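Beneath this line is the structure, given in structure tokens, with notes to follow.
Note that the structure is predicted; figures quoted are calculated from it, not measured.
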Amino acid sequence: MKRNSSGRILVHARNAAMALVALLLLIAGFWSSWGTAQHILLSKGREHGTLTVSRCEDDTCTGAYTPKAPAPDRADVTIEKSVAVKKGVTLAVVLKPGTVEAVRTGPAGGLYAWVPLGGALLLAALVIGGGLRLTRLAWGAAGLGGAMLLASFLAL
């Protein structure tokens with residue numbers, strides 16, 4: 001009788017640990033995505049415009065910024081380098097408040113901002129399916145994460 005109850009305690013402890021790991025992965029993915037996505041989703045009152053990329057370095061690209069509303073033009077606005085950001089390309093962007101850092105807007109920028117959450121969903125799906133034995137939920141999380149990553153890839 002005692003052996004059976006200690007086995008149940010271990011199963012519940014394992015399930016709690018796996019649930020905690022999956023939750024931690026999802027929170028980290030959301031938090032990582034929110035750093036960029038907040039500027040796209042909550043863009044009311046922020047400075048919108050276009051960025052014409054003039055040069056790219058290892059991690060960032062720089063170019064001239066032209067605002068949509070009356071605001072000063074800026075010569076050196078930076079944007080994170082990705083596969084879609086190349087020299088000579090003009091992108092719709094929003095500026096992070098108080099900086100000269102731009103974030104790409106529109107469907108491509110919005111999907112690109114949520115890429116870390118898509119990756120976290122794929123990782124959490126492994127923990128949900130393998131550790132918690134919840135295969136349907138795991139397939140759903142994997143499908144959602146994969147769809148987010150594929151949509152981002154196609155939109156860029």
Side-chain angles (χ1 to χ4, degrees), residues 17-156:
M18 290 295 117
L20 186 64
V21 169
L23 183 64
L24 185 63
L25 283 169
L26 293 176
I27 289 171
F30 176 81
W31 190 256
S32 182
S33 295
W34 185 248
T36 303
Q38 68 176 325
H39 302 293
I40 299 166
L41 295 175
L42 307 173
S43 64
K44 188 175 181 179
R46 300 198 182 176
E47 201 173 326
H48 293 265
T50 57
L51 174 68
T52 305
V53 179
S54 60
R55 69 180 184 275
C56 288
E57 296 172 7
D58 292 335
D59 296 334
T60 60
C61 291
T62 315
Y65 172 77
T66 308
K68 285 186 179 178
D73 290 352
R74 292 179 176 85
D76 286 329
V77 172
T78 62
I79 191 168
E80 184 180 323
K81 187 176 182 180
S82 70
V83 292
V85 179
K86 296 176 185 165
K87 186 177 177 181
V89 175
T90 301
L91 304 168
V93 296
V94 63
L95 291 183
K96 292 181 179 180
T99 68
V100 290
E101 292 181 51
V103 176
R104 189 171 177 183
T105 59
L111 287 168
Y112 183 69
W114 290 107
V115 163
L117 181 62
L121 280 165
L122 283 175
L123 287 173
L126 295 172
V127 174
I128 293 168
L132 294 173
R133 310 271 193 250
L134 299 172
T135 54
R136 288 183 183 171
L137 184 61
W139 278 109
L144 183 60
M148 288 174 72
L149 294 175
L150 180 64
S152 175
F153 175 76
L154 293 176
L156 288 176

List the residues meeting side chain to side chain donor-acceptor pair (under 3.5 Å) with Arg46, not counting sequence neighbours, and say none if there are none.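 With neighbours one apart ignored, the set is His39.
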
Suppose we screen for side chain to side chain donor-acceptor pair (under 3.5 Å). Which residues come up paired with Tyr112, at least two apart in sequence or across chains?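 Tyr112 satisfies side chain to side chain donor-acceptor pair (under 3.5 Å) with Glu80 once adjacent residues are dropped.
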
Please list, chain by chain and in numerical order, all residues satisfying ring-ring contact (aromatic ring centres under 6.0 Å, His included) with Trp34, sequence neighbours excluded.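 Applying ring-ring contact (aromatic ring centres under 6.0 Å, His included) to Trp34 gives Phe30.
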
What is the minimum heavy-atom distance between [X] and [Y], and which atoms define it?
| X | Y | answer |
| --- | --- | --- |
| Gly145 | Leu121 | CA-CB, 3.8 Å |
| Leu26 | Leu117 | O-CD1, 4.0 Å |
| Ala155 | Ala108 | O-CB, 3.6 Å |
| Leu51 | Ala102 | CD2-CB, 4.4 Å |
| Arg104 | Leu156 | NH1-CD2, 3.5 Å |
| Leu132 | Ala19 | CD2-N, 3.9 Å |

N/O donor-acceptor pair under 3.5 Å between [X] side chain and [Y] backbone:
| X | Y | answer |
| --- | --- | --- |
| Ser32 | Ala28 | no |
| Thr62 | Asp76 | no |
| Thr66 | Gly49 | no |

Please test Leu122 against Met148 for side-chain contact (heavy atoms from CB on, under 4.5 Å), starting from the C-alpha separation and ending with a verdict. CA-CA 10 Å; Leu122 283 175; Met148 288 174 72; over 6 Å; no

Under the side-chain contact (heavy atoms from CB on, under 4.5 Å) rule, collect the residues that match up with [X], sequence neighbours excluded.
| X | answer |
| --- | --- |
| Thr60 | Glu57 |
| Ala151 | Leu111 |
| Leu137 | Ile128, Leu134 |
| Ala71 | Glu47, Pro67 |

Does anything in residues 51-137 form a disulfide (SG to SG under 2.5 Å)? List the pairs, not counting sequence neighbours.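 As it turns out, the disulfide (SG to SG under 2.5 Å) pairs with a partner in residues 51-137, which skip direct neighbours, are Cys56-Cys61.
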
Quick test of your reading: applying disulfide (SG to SG under 2.5 Å), list the pairs with at least one residue in residues 110-156, sequence neighbours left out, ordered by first then second residue.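 Counting only pairs at least two positions apart or across chains, no disulfide (SG to SG under 2.5 Å) contact touches residues 110-156.
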
Check whether any side-chain heavy atom of Val100 lies under 4.5 Å from a side-chain heavy atom of Leu95, and answer yes or no.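 The answer is no, as the side chains (C-beta and beyond) never meet within the 4.5 Å cut-off.
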
Taking the side chain as every heavy atom from C-beta outward, state whether Lys81 and Asp59 have any pair of such atoms under 4.5 Å apart.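 Sidechains of Asp59 and Lys81: no contact.
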
What ring pair (Phe, Tyr, Trp, His ring centres under 6.0 Å) pairs are there with at least one residue in residues 51-106, not counting sequence neighbours?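 Counting only pairs at least two positions apart or across chains, no ring pair (Phe, Tyr, Trp, His ring centres under 6.0 Å) contact touches residues 51-106.
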
To the nearest 0.5 Å, what is the distance between OG1 (Thr105) and CG (Leu41)?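 Output value for this atom pair is 11.5 Å.
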
Rounded distance [0.5 Å steps], OG1 in Thr78 versus CZ in Arg55: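 Rounded to the nearest 0.5 Å, the OG1-CZ separation comes to 10.0 Å.
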
Could you name each residue pair satisfying side-chain hydrogen bond (donor to acceptor under 3.5 Å, both in side chains) that touches residues 122-142, not counting sequence neighbours?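 Listed once each, the pairs would be none.
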
Quick one: list whatever passes salt bridge (Lys or Arg N to Asp or Glu O under 4.0 Å) with Lys96, sequence neighbours left out.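 Salt bridge (Lys or Arg N to Asp or Glu O under 4.0 Å) list for Lys96, sorted by chain: Glu101.
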
